[in-house]
A.B. asks: 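Dumping the structure here so I can ask a few things about it.
Quantities reported herein were computed from a predicted structural model and do not represent experimental measurements. All heavy atoms count here, side chains included; hydrogens, waters and symmetry mates do not.
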Amino acid sequence: MFGGSFNPVHEGHKALVRRMIEEFSLDTVYVIPTFCTPLKDNTPMITPSHRLNMCKLAFADVSRVTVSELELLRQGNSYTVDTLGEISKLHPNDELFLIVGADSFMQLPLWHKAEEIFQKATILTIARGEVDCQKLLAQKALLQNEFNAKAFVLEEPVVQVSSTQIRNLIATDGDFSRLLCKEVCEYIRRNGLYGYGD
Ligand code: ATP
């Protein structure tokens, strides 16, 4: 499972999913846009259906990925523990993995029912920006000791880009086209998202 606000989805998300599929031989990755993110409620959000559509466009050329509406259909706060429960019902005999970026990995103990998340899934993460491998390995040890969590850390970061950076570029008429796939760029322009064209 790979959840996120995907506001908008970008090349970092795609590179992360590709890397995890390759490194851990994952059979399927569910990419799941959140309806609303409990720890991120100050971020300007566009409609869930736009975020979902962009995810579908972005991951159309990545095999083994299913873009899922599970959290959008449930509405309200998106709790990963509930989504993992739904996925394990769909795949009762399979091992579950939760893919998170480095910033999310550092926040995991704050997540709703964190202990239950660690019982349900092995966590996969990767260095990103200021959260380097050392910090991740220290956090991995803490999660193991305090929660008996299983986690794997990849040291080599993928593309350094964030949705915030893209939203800021669009708002200031900057060039954001290299940070997103062509189809998502066109979608943003066509729908005037994030103030494009204002
Ligand atoms: P924002 O800038 O709005 O906070 P974001 O770029 O972090 O957004 P999210 O949709 O919040 O994107 O990301 C979903 C998940 O993907 C999070 O766990 C995040 O850490 C991870 N992620 C996002 N971009 C990258 C990247 N470039 N490298 C590694 N992980 C990433």
A.B. asks: Tell me if a side-chain donor or acceptor on Q160 pairs with a main-chain N or O of V158 at a distance below 3.5 Å.
C.D. replies: yes

A.B. asks: Could you grab the distance from atom NZ of K140 to atom CG of L108, nearest 0.5 Å is fine?
C.D. replies: 13.5 Å

A.B. asks: Keeping the roles fixed (side chain from R51, backbone from S5), state whether a donor-acceptor pair exists under 3.5 Å.
C.D. replies: yes

A.B. asks: Would H10 and L180 count as a side-chain contact (heavy atoms from CB on, under 4.5 Å) here? Give the steps.
C.D. replies: CA-CA 5 Å; H10 54 63; L180 304 157; 3.8 Å; yes

A.B. asks: Using the rule side-chain hydrogen bond (donor to acceptor under 3.5 Å, both in side chains), only one of T83, T34, N77, T80 pairs with E71; which is it?
C.D. replies: T83

A.B. asks: Let's go through N7 and Y194 carefully: what are the C-alpha distance in whole Å and the side-chain angles of both, what is the deciding distance for side-chain contact (heavy atoms from CB on, under 4.5 Å) to 0.1 Å, and is it a yes or a no?
C.D. replies: CA-CA 9 Å; N7 185 32; Y194 308 109; 2.8 Å; yes

A.B. asks: Work out which heavy atom in L57 is nearest to a heavy atom in E183; give both atom names and the distance.
C.D. replies: CD1-O, 3.8 Å

A.B. asks: Can you see which heavy atom on I126 is nearest to which on P157, and at what distance?
C.D. replies: CG1-CA, 4.3 Å

A.B. asks: Quick check: does any side chain N or O of N168 sit under 3.5 Å from a backbone N or O of A171, one acting as donor and the other as acceptor?
C.D. replies: no

A.B. asks: Ignoring hydrogens and angles, tell me if any N or O in the side chain of S68 forms a donor-acceptor pair with the backbone of L70 under 3.5 Å.
C.D. replies: yes

A.B. asks: Would the distance check show the side chain of R189 and the main-chain N or O of G197 forming a donor-acceptor pair, the cut-off being under 3.5 Å?
C.D. replies: no

A.B. asks: Are any of the side-chain heavy atoms of L169 and L179 separated by less than 4.5 Å?
C.D. replies: yes

A.B. asks: Strictly distance-based, threshold 3.5 Å: is any side-chain N or O of Q139 a donor or acceptor partner for the main-chain N or O of F105?
C.D. replies: yes

A.B. asks: Supply the atom-to-atom distance C185 SG to M54 CE, rounded to the nearest 0.5 angstrom.
C.D. replies: 10.5 Å

A.B. asks: Determine whether L96 and M1 make a side-chain contact, defined as any pair of heavy atoms from C-beta on separated by less than 4.5 Å.
C.D. replies: no

A.B. asks: Please find the pair of heavy atoms, one from S88 and one from G85, that lie closest to each other, and give the distance.
C.D. replies: OG-O, 3.0 Å

A.B. asks: Find the distance between CG (N148) and CZ (F118) and round it off to the nearest 0.5 Å.
C.D. replies: 10.5 Å

A.B. asks: Taking E115 for the side chain and F147 for the main chain, is one N or O donor matched with an acceptor at less than 3.5 Å?
C.D. replies: no

A.B. asks: Quick one: CG on L124 to CG on L98, what's the gap to the nearest 0.5 Å?
C.D. replies: 7.5 Å

A.B. asks: Which pair of heavy atoms, one from A58 and one from V62, lies closest together, and at what distance?
C.D. replies: O-CG2, 4.4 Å

A.B. asks: If you take all heavy atoms of K14 and C181, which pair is closest and at what distance?
C.D. replies: NZ-CB, 4.2 Å

A.B. asks: Determine whether more than 12 heavy atoms belonging to other residues, nucleotides or ligands lie under 6.0 Å from atom CZ of F24.
C.D. replies: yes

A.B. asks: What heavy-atom pair brings L72 and P48 nearest, and what distance separates the two atoms?
C.D. replies: CD2-CB, 3.7 Å

A.B. asks: With distance as the sole criterion, is a donor-acceptor pair present between the side chains of N191 and Y196 under 3.5 Å?
C.D. replies: no

A.B. asks: Describe, in one word, how the ring planes of F59 and F6 are oriented to each other, choosing from parallel (under 30°), tilted (30 to 60°) and perpendicular (over 60°).
C.D. replies: perpendicular

A.B. asks: Report, as yes or no, whether the 6.0 Å neighbourhood of atom NZ on K120 holds more than 12 heavy atoms from other residues, nucleotides or ligands.
C.D. replies: yes

A.B. asks: Please report the C-alpha distance between C55 and H13 in whole Å, then the side-chain angles of each, then the deciding distance to 0.1 Å, and finally whether the side-chain contact (heavy atoms from CB on, under 4.5 Å) criterion is met.
C.D. replies: CA-CA 10 Å; C55 283; H13 297 126; over 6 Å; no

A.B. asks: Which value, rounded to the nearest 0.5 Å, describes the distance between L142 atom CG and Q144 atom CD?
C.D. replies: 10.0 Å

A.B. asks: Assess the side chains of S162 and R128: does a donor N or O sit below 3.5 Å from an acceptor N or O?
C.D. replies: no

A.B. asks: Can you tell me if NZ on K150 sees more than 12 non-hydrogen neighbours from other groups inside 6.0 Å?
C.D. replies: no

A.B. asks: Could you tell me if the side chain of Y187 sits less than 4.5 Å from the side chain of P8, heavy atoms only?
C.D. replies: no

A.B. asks: Check E156 with R19, please: is the shortest side-chain N to carboxylate O separation under 4.0 Å?
C.D. replies: no

A.B. asks: Could you grab the distance from atom CZ of F2 to atom CG of L26, nearest 0.5 Å is fine?
C.D. replies: 12.0 Å

A.B. asks: Does the side chain of E86 reach to within under 4.5 Å of the side chain of Y30, using non-hydrogen atoms?
C.D. replies: no

A.B. asks: Under 4.0 Å between a side-chain nitrogen and a carboxylate oxygen: does that hold for E22 and R18?
C.D. replies: no

A.B. asks: Is a donor on one side and an acceptor on the other found under 3.5 Å between the side chain of E155 and the backbone of C133?
C.D. replies: no

A.B. asks: With side-chain contact (heavy atoms from CB on, under 4.5 Å) as the test, would you mind laying out the steps for K113 and I117 before giving the verdict?
C.D. replies: CA-CA 7 Å; K113 298 192 183 167; I117 293 178; 5.5 Å; no

A.B. asks: Please check this pair: side chain of T125 against backbone of V100, looking for a donor-acceptor N/O pair closer than 3.5 Å.
C.D. replies: yes

